[in-house]
Amino acid sequence: APVAPVAAPRPLLSAREKEVIHWVARGKSNSVIGDILGCSAHTVDTHLRRIFAKLDVSDRISAAVRAVALGLTSP
């Protein structure tokens, strides 16, 4: 019998990373996201770099598109 393909596991984003990608998907800048979340733009950038690594992307547009496609955030 044919073997069903194994779906790649969804990347596990922390609660804060999910908040960051939520706002990135809505076009917010790091400084605005920092204001919304009560942290610095530098901290947002650190979260974004981790998100990029987990989603295997190199920019915020690709991260947002992939996060929506994976159901990690809504468009």
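Computation of the quantities below employed the complete heavy-atom set of this structure, encompassing side-chain atoms and omitting hydrogens, waters and symmetry-equivalent molecules.
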Nearest-0.5 Å distance, OG of residue Ser62 to CG of residue Asp56 | 10.0 Å
Ser14 OG to Arg50 CZ distance, which is reported to the nearest 0.5 Å = 8.0 Å
What about [X] and [Y], same hydrophobic cluster or not, with Ile/Leu/Val/Met/Phe/Trp/Tyr joined at side-chain heavy-atom distances under 4.5 Å?
{"X": "Ile21", "Y": "Val65", "result": "no"}
{"X": "Leu48", "Y": "Ile61", "result": "no"}
{"X": "Val68", "Y": "Ile33", "result": "no"}

Side chain to side chain contact (heavy atoms under 4.5 Å, CB included) between Trp23 and Val44: does it pass, once the steps are laid out?
-> CA-CA 11 Å; Trp23 292 111; Val44 172; over 6 Å; no
Write out all pairs satisfying side-chain hydrogen bond (donor to acceptor under 3.5 Å, both in side chains) with one or both partners inside residues 63-75, taking only residues at least two apart or from two chains.
-> Arg26-Ser74
side-chain hydrogen bond (donor to acceptor under 3.5 Å, both in side chains): pairs with one or both residues in residues 30-42, sequence neighbours excluded =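 As it turns out, the side-chain hydrogen bond (donor to acceptor under 3.5 Å, both in side chains) pairs with a partner in residues 30-42, which skip direct neighbours, are Ser29-Ser31, Asn30-Arg60, Ser40-Thr43.
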Under 3.5 Å donor-acceptor, Lys18 side chain and Leu72 backbone = no
Give the minimum heavy-atom separation between Val24 and Ala64, together with the two atoms involved.
-> CG1-CB, 4.3 Å
Residues Leu13 and Glu17: closest non-hydrogen pair is CA-OE1, 3.3 Å
